[in-house]
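Heads up, the thing below is written out as structure tokens.
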There are 2 protein chains.
Amino acid sequence: MINKKSTEDLSTEEKIKEAARTVFMKKGYSATRTRDIAEEAGINLALLNYYFRSKEKLFEIVMMEKMQKLFGGLVGIVTDNDTTLEKKIELLTIYYIDMLTQNPDLPIFVLSELRNNGEHLIKSLPIGNVLQQSALFKQLQVNRPDINPLHFIINILGSTIFPFVAKPMIQAVGNLNPKDFETMMEERKKLIPRWIRSMLQTK
Amino acid sequence: MINKKSTEDLSTEEKIKEAARTVFMKKGYSATRTRDIAEEAGINLALLNYYFRSKEKLFEIVMMEKMQKLFGGLVGIVTDNDTTLEKKIELLTIYYIDMLTQNPDLPIFVLSELRNNGEHLIKSLPIGNVLQQSALFKQLQVNRPDINPLHFIINILGSTIFPFVAKPMIQAVGNLNPKDFETMMEERKKLIPRWIRSMLQTK
DNA sequence: GTCTATAACCTGATAGAC
DNA sequence: GTCTATCAGGTTATAGAC
């Protein structure tokens, strides 16, 4: 546990950033007050501006981190020239479900803030070109030249990410407690790769 | 066109509600100022409070409408005892893609506000019981008794709704202009029912 | 670097004239 | 019903002492 520093050990700057992650994630940009962040960090409001100049600058740092966390992880998998198409689908599924089980609020945060306060941040991530030129894209194109590969990417991400975006709704509809929800997501790790495989074979 | 009144013809109360729909939908609850709504409605700020007492009351009216619009439409389809499972899947797909093409920002609005300001509103919609006792649920259970029917519901909704939730990301990744995006969604109306069918057959 | 105090502005809501 | 004016409180950001 050498990497897991307790809050008291962190530098002031890092304490503020950590508090900002927590509060922005929970409330979104607009509903967050800098006072909330200062309180969460256990420091004074003035220090926040001393280190980060403004609420918006601090938000952009957090937002970039979260976008990276949501979309950065897939790069290593999709660009690997040594894995089969089927293996990539399996790895993506497991990666996303595990990562989102640890960070269930990540996608709704990123996707909703992207629309409200950060559409200009999309261009910062070169994820578009990476994906278009990836091994996965080419493999999909070879397998199903009749269908835009983007459809399959959407399906993989939709199958894994959507349940977390709609989590409150799904829990209500299915009468699921948090443990039930996690169990279902665990089931999906096996089901989704099978489903995507069958999609690829369906003419 | 007898139902389509121009803005000037509406009652003041309806003008304010219409403006509230527009502004809340665009900015979300927290980022919306009652002054924005008043201006959009072409009336004075005081009138908003005269008709609706508070920002929150007005928001709840809009939010209930939007939840109804997002989830109410599926009730008629899933409870129909006279359509086959396959027909229901086709109808749900077409219904959602058409409706969301007209209202692309609806799902991200509802799902993100649900988390921030309206989790207590979920219970207002009896969608949970309706779905659990629906013909669709029973048909899924008969077809695949080995898999929780909720998985398939999530897949149908995920395939149709997720692309709209992630729209800015998808457009950036795929280098799509709005017309391209619509074309892809149109393609999905044919593809998704095929995919779900093949899922149901995949052991 | 860290704090207190406060400036400068914004926001939801209401009072009161018409 | 509709308006103008304004209140009371909140919000970001900074000045200035330590």
Side-chain angles (χ1 to χ4, degrees), chain A residues 5-66 109 112-113 116-118 120-121, chain B residues 5-66 109 112-113 116-118 120-121:
Chain A
K5 292 185 185 171
S6 78
T7 309
E8 293 78 30
D9 296 340
L10 300 173
S11 69
T12 301
E13 186 172 348
E14 197 50 48
K15 267 195 285 187
I16 296 172
K17 239 196 271 184
E18 186 57 33
R21 289 184 192 106
T22 304
V23 182
F24 278 136
M25 191 77 124
K26 185 172 170 190
K27 304 197 183 194
Y29 176 78
S30 297
T32 293
R33 293 164 301 158
T34 49
R35 278 173 168 76
D36 297 337
I37 298 175
E39 190 183 0
E40 173 79 22
I43 53 94
N44 188 276
L45 172 60
L47 266 186
L48 186 151
N49 290 88
Y50 173 77
Y51 280 103
F52 297 97
R53 266 200 31 145
S54 75
K55 176 184 177 181
E56 201 179 336
K57 299 264 182 215
L58 179 53
F59 175 76
E60 290 204 355
I61 291 170
V62 173
M63 182 65 180
M64 288 298 292
E65 276 184 20
K66 298 298 182 184
F109 170 79
S112 75
E113 296 297 336
N116 299 326
N117 308 293
H120 64 103
L121 295 174
Chain B
K5 294 184 185 172
S6 76
T7 310
E8 293 77 31
D9 296 339
L10 300 173
S11 70
T12 301
E13 186 171 348
E14 196 50 50
K15 268 195 284 188
I16 296 171
K17 236 196 273 184
E18 186 56 35
R21 289 184 192 105
T22 305
V23 182
F24 278 137
M25 191 75 124
K26 186 173 169 189
K27 303 196 183 196
Y29 177 78
S30 296
T32 293
R33 293 163 301 158
T34 49
R35 280 171 170 78
D36 298 336
I37 298 175
E39 190 183 1
E40 174 79 22
I43 54 94
N44 189 275
L45 173 59
L47 267 185
L48 186 150
N49 290 88
Y50 173 78
Y51 279 102
F52 297 97
R53 266 198 29 142
S54 74
K55 176 184 177 181
E56 200 178 337
K57 299 262 181 217
L58 180 53
F59 176 74
E60 290 205 355
I61 292 170
V62 173
M63 182 67 179
M64 288 299 291
E65 277 183 19
K66 296 299 181 183
F109 171 79
S112 75
E113 295 299 334
N116 299 326
N117 309 292
H120 65 104
L121 296 175

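Computed from a predicted model, the values in this text were never measured in an experiment.
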Next on the checklist: Can you see whether Tyr51(A) has Lys57(A) sitting over its ring - NZ or CZ less than 6.0 Å from the centre and within 45° of the normal?
Outcome noted: no

Checklist outcome for this item: When rounded to whole Å, the CZ to P distance for the pair Arg33(A) and dA13(D) reads 14 Å

Item to check | Point-to-point distance, once rounded to the nearest 0.5 Å, from CD of Glu60(B) to NE2 of His120(B) | outcome: 4.5 Å

Name every donor-acceptor pair, under 3.5 Å, that has one atom in a side chain of residues 43-50 of chain A and the other anywhere in the protein, sequence neighbours excluded.
{"residue": "Asn44(A)", "atom": "OD1", "partner": "Ala46(A)", "partner atom": "N", "Å": "2.8"}
{"residue": "Asn49(A)", "atom": "ND2", "partner": "Arg53(A)", "partner atom": "O", "Å": "3.2"}

Item to check | Interatomic distance, Glu39(B) CD vs dT11(C) P [rounded to whole Å] | outcome: 12 Å

Checklist entry - Rounded to the nearest 0.5 Å, what separation is found between the NZ atom of Lys17(A) and the CG atom of Leu10(A)? => result 11.0 Å

Item to check | Helical bend (five base pairs per end, nearest 10°) for the helix from dG1(C)-dC18(D) to dC18(C)-dG1(D) | outcome: 10°

Checklist entry - When rounded to the nearest 0.5 angstrom, what distance separates CG in Leu58(A) from CE in Met63(A)? => result 13.5 Å

Checklist entry - Nucleotide by nucleotide, 5' to 3', does protein get under 4.0 Å of the base (B), only the sugar-phosphate (S), or neither (-) in nucleotides 13-18 of chain C, counting heavy atoms? => result BBB---

Please report, to 0.1 Å, the donor-acceptor pairs under 3.5 Å made by any side chain of residues 20-27 of chain B, with sequence neighbours excluded.
{"residue": "Arg21(B)", "atom": "NE", "partner": "Glu65(B)", "partner atom": "OE1", "Å": "2.6"}
{"residue": "Arg21(B)", "atom": "NH1", "partner": "Glu14(B)", "partner atom": "OE2", "Å": "3.3"}
{"residue": "Arg21(B)", "atom": "NH1", "partner": "Glu18(B)", "partner atom": "OE1", "Å": "2.6"}
{"residue": "Arg21(B)", "atom": "NH2", "partner": "Glu14(B)", "partner atom": "OE2", "Å": "3.3"}
{"residue": "Arg21(B)", "atom": "NH2", "partner": "Glu65(B)", "partner atom": "OE1", "Å": "3.4"}
{"residue": "Arg21(B)", "atom": "NH2", "partner": "Glu65(B)", "partner atom": "OE2", "Å": "2.9"}
{"residue": "Thr22(B)", "atom": "OG1", "partner": "Glu18(B)", "partner atom": "O", "Å": "3.1"}
{"residue": "Lys27(B)", "atom": "NZ", "partner": "Asp36(B)", "partner atom": "OD2", "Å": "3.4"}

Item to check | Euclidean distance, Phe59(A) CZ relative to Thr34(A) OG1, rounded to 0.5 Å | outcome: 14.5 Å

Checklist outcome for this item: Rounded to the nearest 0.5 angstrom, the CG-OH distance for Asn116(A) and Tyr29(A) is 11.5 Å

Item to check | Residue whose nearest DNA chain D nucleotide is more 5′ - Ser30(A) or Ile43(B) | outcome: Ile43(B)

Checklist entry - Whole Å only: how far is the NZ atom of Lys27(B) from the P atom of dC10(C)? => result 13 Å

